Amino acid sequence: MSVREHVLCFNKYCSLTSCLLYCCIFINLVNGYSVKNCTVRGSLKYAQNINVFCDKRSLHFVPDNIPDKATYLDISNNVIQKIIKEYFSQLSNLKSLNALHNKIREVEEGAFSSLVALQELNLAYNKLTNILGGMFQNLRNLTVLHLNENLITNINFSAFSPLISLRKVNLSRNHLKKIGKVQPLFLLPQLQEVHIGSNGFTSFQTSELSNISLRLQVLDLFQNPLKVFSITADIFPHLDNLVLAFITENMTWDVQDKRYLQSVKHLNLSGIQLPLEKITALLQTFNSSLVSLRLHFLGDIKVRALIRDVCLISPLKFLGLQWNNITAISKDEMQFCTQLTELDLSNNKLYSVPAVVSSLPGLRFLDLTFNNIKNISSVDFANLTQLRTLQIYGNVISFIEEFAFKDLKNIKTLMIGSNRLSLNRYFKKDLQKLEILDLANNKLDSVRRGHFDSLNSLKNLSLPDNQISFIEAGSFSGLTNLIFLNLQSNKLSQSSIKASVFSRLPNLKTLLLNNNYISYDSQEPLEQPPFQYLRKLKILNIFSQAHKGMLYLPSNLFMGLWNLEELQAENLNINSLHPDTFTHTPYLWVLDLSRNDFILLTTKIFLPLQVLKTLHLSKVGLQSLDFLINANLSKLHLLHVSKNALSVINETVIQSFPTLIYLDLRGNYLSCDCTNAWFINWTISSNDTEVESAYELTCNYPDKLKGHKLLDLDIGSCNVDVGFFCFISTATLVSVTLLGTFLFHFLKWQVIYAYYLFLALLHDNKQQRKPNGLQYDAFISYNVHDELWVMRELLPHLEGEQGWKLCLHHRDFEPGKPIMDNIVDGIYSSRKTICVISRHYLESEWCSREIQIASFRLFDEKKDVLILVFLENIPSHQLSPYYRMKKLIQRKTYLSWPKPGEDTRVFWQKLRVALETKGNSELEPPIGWDLGVN
Ligand SMILES: *[C@@H]1O[C@H](CO)[C@@H](O)[C@H](O)[C@H]1NC(C)=O
Ligand SMILES: *[C@@H]1O[C@H](CO)[C@@H](O)[C@H](O)[C@H]1NC(C)=O
Ligand SMILES: *[C@@H]1O[C@H](CO)[C@@H](O)[C@H](O)[C@H]1NC(C)=O
Ligand SMILES: *[C@@H]1O[C@H](CO)[C@@H](O)[C@H](O)[C@H]1NC(C)=O
Ligand SMILES: *[C@@H]1O[C@H](CO)[C@@H](O)[C@H](O)[C@H]1NC(C)=O
Ligand SMILES: *[C@@H]1O[C@H](CO)[C@@H](O)[C@H](O)[C@H]1NC(C)=O
């Protein structure tokens with residue numbers, strides 16, 4: 001059975017007539033923007049960069065409907081085994097193709113030959129064994145090629161020859177074994193970077209590669225078991241970066257002329273397994289041009305023996321000494337390294353700042369991260385007047401001596417996070433040029449006035465993940481240049497963020513206050529709104545406040561934030577917003593209110609946000625987007641409303657966002673019937689808006705289509721039979737309606753009675769044919785807006801707990817049968833009819849027909865079949881347009897659903913009693929009842 005089901009024109013909003021008319025104006029499907037199995041980024045209309053993401057979807061094949069205009073295609077992390085010619089035959093605009101992490105064993109010859117614009121091709125982490133001759137046909141613009149982490153053993157001699165623009169190739173971690181196999185690479189005219197690490201090469205000899213000089217700049221040979229490294233001709237005059245890390249064999253170093261490697265500036269000898277004297281000899285071959293040397297993973301003893309000499313051999317500027325288990329380095333050990341400007345000692349076992357540091361006065365960059373340093377003494381950084389960056393995070397520093405930073409007159413960046421500092425008075429003096437101070441993840445509990453007094457150049461202050469609960473007024477007042485202040489994940493409460501705290505930060509653009517303990521107990525305006533002086537603030541994060549959440553946003557909380565562009569206010573346990581909340585932030589671009597439990601969102605809240613481009617309202621319990629229709633969000637580009645309870649996406653709503661380019665609706669309760677026909681058609685045909693994972697959206701209703709894909713729905717049947725039938729039926733309908741209206745006007749009551757008597761008669765006849773009679777205990781009449789309540793509350797209680805059998809139209813109606821028949825059958829084969837009454841219900845035309853039939857039955861059978869359940873409190877005067885309802889209420893007892901938080905047990909008990917009564921009450925016939933809605 002195919003997924004495409006013929007769906008009856010089964011509209012919960014519109015009448016049969018208007019639905020038919022409406023469906024008739026559908027246009028045919030066009031090639032569209034939402035791509036099956038993929039996500040598209042970028043507007044097809046303004047085609048600049050169209051990025052198509054089909055990654056991580058367990059695909060066995062490349063989807064066949066990728067838009068021709070795509071410039072980037074990501075098919076990585078799937079299970080594709082073979083690349084065939086048809087896959088990319090249309091994609092002549094593609095610039096980058098990412099097929100990383102698949103199971104590709106085979107690429108057909110010429111499979112990429114249509115990709116004439118391709119610049120980057122990533123086939124890493126696959127199962128290729130052979131590179132065939134025609135594999136890269138036509139890829140004349142390709143500049144970057146990743147073939148690393150495959151099983152390549154052979155490369156056809158002419159495979160690379162089309163790649164005349166290739167600059168960079170990575171063939172590391174394959175099984176090539178012989179350097180001769182990559183020789184064709186070295187013939188490519190533009191080649192600059194070659195990565196051929198870990199291929200089992202046992203020798204590297206230039207005589208096997210080329211006799212003419214090459215443009216090569218980077219040569220990466222890591223982890224090959226080289227026995228010979230031989231350069232016998234000057235073929236690398238431009239070589240700048242040579243990687244010989246983790247060479248595992250006792251290699252013979254044969255570089256006949258020092259000039260052959262004279263341009264090498266960067267050398268990586270990390271983890272090289274040569275004896276010390278061989279390394280020293282090797283280093284001698286490099287000219288004094290060498291500026292950077294990496295000696296990671298060599299071990300404490302070997303590396304310390306080496307560093308005595310390295311600076312004598314070459315006047316290095318950068319020395320990398322990571323992962324060597326170094327515990328200390330004395331001044332003598334590096335006495336010839338005074339020209340060093342950058343020293344990386346991270347990931348060692350230093351228990352204090354090594355003494356050698358202060359004897360390297362030229363240092364501009366020093367990295368001491370991830371060691372075991374406990375204290376900083378006043379001499380540790382003495383003499384380092386040139387230092388620009390000090391990274392010392394990830395140690396166990398709990399104490400810093402006074403004047404420790406006094407010589408760091410030019411330091412701009414100090415990263416001292418993830419230590420054990422509990423005080424921050426160390427920044428009172430000195431450090432006048434400091435621009436970035438990172439104190440994240442320490443043990444600070446307060447910020448006091450004067451602590452940051454001298455930091456008048458500071459732009460970026462990060463204090464997240466501390467225990468700060470108190471900030472003294474004026475603590476930040478010297479920081480007139482501060483742009484970025486991060487206070488997230490502390491213990492700040494509403495009383496810690498007073499206006500006086502943020503009063504003298506005239507240039508602050510970003511303030512992060514998320515994950516604190518800020519909470520308000522009402523929407524009442526605050527006397528002193530905390531952000532009132534932050535006139536230039538552009539980004540404010542207040543999301544995820546701990547414990548009970550922020551609960552309320554005071555109506556003037558954002559007062560003063562005239563230039564705010566981005567507000568992240570998700571997950572705050574807020575139920576409602578005051579209409580004035582955003583009146584102070586007219587330039588907001590990005591607003592995130594996701595993961596709150598809104599009971600009501602009104603149009604008014606959004607009216608001040610005239611330039612809003614991105615709105616996040618995911619997981620906020622929305623049942624409808626109607627409140628946005630008149631919000632005038634004419635600039636909205638991105639709308640995120642995933643994980644709500646939306647069932648129908650209405651055209652009016654979508655049309656109210658003229659510039660929408662992205663809509664995320666995943667995880668809603670979408671209805672698979674004609675009510676969504678417009679939306680389905682629009683999703684497929686729109687060239688301007690991408691519906692996120694459109695082809696993955698699933699139906700929630702009707703029950704028999706649950707789990708099916710929304711876009712697989714055959715909306716053609718909404719449209720009955722286009723063309724002639726459309727015309728005829730419309731014309732007939734119009735005539736009948738005219739005639740009906742005419743008759744109705746003059747013979748109102750006669751018509752109504754005739755109609756119901758007719759239906760009842762019809763039904764009685766059927767009943768006689770079906771002796772078993774009542775199939776259900778109750779027919780449920782409700783409006784689609786209340787479907788959630790019916791599904792979550794009514795159904796589980798009545799069917800689950802009390803064991804009644806209910807008739808629900810979306811579930812129990814026979815498809816294909818006329819709706820009226822369904823309703824009549826439903827009501828007559830149920831003992832009772834429960835009407836779930838809300839404002840929506842009263843407004844709905846359909847449901848009133850249900851009531852009409854039920855109340856006719858009441859008159860016809862003299863049985864008390866109606867049970868009225870009021871979902872919301874509707875004052876009597878609002879009921880006056882619904883005379884019939886009003887009269888029913890006066891006559892009958894009715895049940896009201898308790899307010900949120902109140903006990904529901906009494907309600908269920910009453911409902912049970914109402915369902916149990918046999919109900920043969922004497923009732924007057926409904927003479928003089930009004931039709932209901934007028
Ligand atoms: C290939 O690159 C050249 C130079 O960047 C460019 O002019 C040309 O348009 C590119 N070819 C294609 C088919 O994109
Ligand atoms: C080349 O591939 C190796 C192995 O996968 C990887 O470790 C390395 O980072 C890559 N290098 C570049 C520059 O892509
Ligand atoms: C370089 O020249 C030598 C001697 O003429 C020859 O044996 C070798 O094959 C040539 N190498 C390449 C890669 O052309
Ligand atoms: C700073 O440098 C001077 C001379 O350059 C030297 O005498 C002094 O010992 C150095 N200070 C420290 C703490 O190493
Ligand atoms: C969409 O919703 C609006 C507001 O609720 C309503 O007026 C309109 O009739 C609906 N349109 C359709 C096609 O259902
Ligand atoms: C989308 O673009 C296609 C081809 O460019 C065009 O035929 C179609 O009419 C467009 N669709 C809409 C809804 O504008």
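Every heavy atom of this structure was used, including side-chain atoms; hydrogens, water molecules and symmetry mates were not. Remember, it's a predicted structure, so these values are computed and weren't measured experimentally. When a ligand or atom number is given, it counts from 1 through the structure's own listing order.
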Going by distance only, is there an N or O of Asn148 that falls short of 3.5 Å from an N or O of ligand 2?
-> yes

Under 4.0 angstrom from atom 5 (O) of ligand 2, is there any protein heavy atom?
-> yes

Taking only heavy atoms of Lys168, which atoms of ligand 2 are found under 4.0 Å from at least one of them?
-> 13 (C)

Step through it carefully: locate the ring centre of Phe204, locate the ring centre of Phe229, and say whether they are under 6.0 Å apart.
-> yes

CH2/Trp323: more than 12 non-hydrogen atoms of other groups inside 6.0 Å | no

Of the listed options Asn141, Leu115, Leu142, closest to atom 11 (N) of ligand 1 (non-hydrogen atoms) = Asn141

Given Val243, Asn148, Val218, the one that forms side-chain contact (heavy atoms from CB on, under 4.5 Å) with His195 = Val218

Any N or O on Glu149 sitting closer than 3.5 Å to an N or O of ligand 2?
-> yes

Is Glu149 salt-bridged to Arg173, cutoff N-O under 4.0 Å?
-> yes

Shortest protein contact, atom 13 (C) of ligand 1 (heavy atom only) = Val116 O, 3.6 Å

Pick from Val169, Asn170, Leu147, Asn150: the one approaching atom 1 (C) of ligand 2 most closely through a non-hydrogen atom | Asn170

Charged N to carboxylate O under 4.0 angstrom, Glu120 versus Lys95?
-> no

Identity and distance of the protein heavy atom lying nearest atom 7 (O) of ligand 2 = Phe222 CZ, 4.8 Å

Atom 14 (O) of ligand 1 sits nearest the protein heavy atom Ala117 CB, 3.5 Å

Side-chain (Asn460) to main-chain (Ile436) donor-acceptor, under 3.5 angstrom | no

So, Glu692 versus Thr39: side-chain donor-acceptor pair below 3.5 Å or not?
-> yes

